[in-house]
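Report on one structure; see the data block that follows.
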Amino acid sequence: MFIDTHAHIYLDSFKNEYEDIVDRALSANVGRILMPNIDLDSIKQVMSLHDLFPQTCLPMVGLHPCSVKENYQVILDDLLSYLDDKACIAVGEIGIDLYWDTSFEYEQEAAFRQQILWSKERALPIVIHSRASIDRTIDIVTELQDGSLKGVFHCFSESISEAKRIMDIGFYMGIGGVSTFKKNESFRKTLKEIPLRSLLLETDAPYLTPAPFRGKRNESSYIPYIAQVIADTKTIDIETIEVTTTENAVKLFSLNIEEET
Ligand SMILES: [Zn+2]
């Protein structure tokens, strides 16, 4: 079984198709879909999709850095009750994104630190979104790593020096469609050097659709295409990619897949 460790399949672009999306994922042997919300509105969609598919679609709760505004403290307070829902398997996605807008830079970092604290109090893993901020994000996690913190840098596409820093603090890297793009030969060279024990698979659906489906909406059933590119890059068979990345995800998110394997 594959696991899609990061997918926004609860969004409106999938509306009225939830059953088909999950069916196609299961047919492609993608047995778990981990769903990070983005803000206070989307958490309701995440939870209702989890209610529809309680075993397959699992909720994660956090405030996305692009949703951090001046009122972030109020939103964080409102998110807490969802975080304490027993179905919630991680705090995410959280982090720093300075790509489009830097006006809430200070607030983004404060919200990130606050949510890392929450994850520690609950012994939950964190799912990190970092854009135009990778070194700063790694610095913060390194500073707060006391041995209890665990998580993943989602959508990893940086160089080997960042990968090494991430491995040094015991974190995973989420690999998605970006690794399949033709122009990203240099990232595949990096990927070759990162041991499989540090990798997770993710689609980030509906975004970042892998080749050969670029231009179409992304969905969890495309996970095997990402796995195949990693397999080809590392010249390992795809079954090993499947088994190891699923073991990694089960360990990080404390998933129960026993009855299905
Ligand atoms: Zn995401």
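Atoms within each ligand, like the ligands themselves, are counted from 1 in listed order. FYI, the numbering just counts along the sequence from 1.
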Checklist entry - Any idea which N/O/S atom from His6 gets closest to the Zn ion (ligand 1)? => result NE2

Checklist entry - In Asp204, which N, O or S atom comes closest to the Zn ion (ligand 1)? => result OD1

Next on the checklist: Can you tell me which N/O/S atom of His8 has the shortest distance to the Zn ion (ligand 1)?
Outcome noted: NE2

Item to check | Closest approach of His50 to Pro59 (non-hydrogen atoms, all atoms of both residues) | outcome: ND1-CD, 3.6 Å

Next on the checklist: For a 4.5 angstrom cut-off between non-hydrogen side-chain atoms, does Arg197 reach Glu247?
Outcome noted: no

Next on the checklist: Ring centres under 6.0 Å, that's the criterion: do Tyr222 and Phe213 meet it?
Outcome noted: yes

Next on the checklist: Centre-to-centre under 6.0 Å for Phe156 and His154, is that the case here?
Outcome noted: no

Item to check | the Zn ion (ligand 1) to Glu93: nearest N/O/S atom name | outcome: OE2

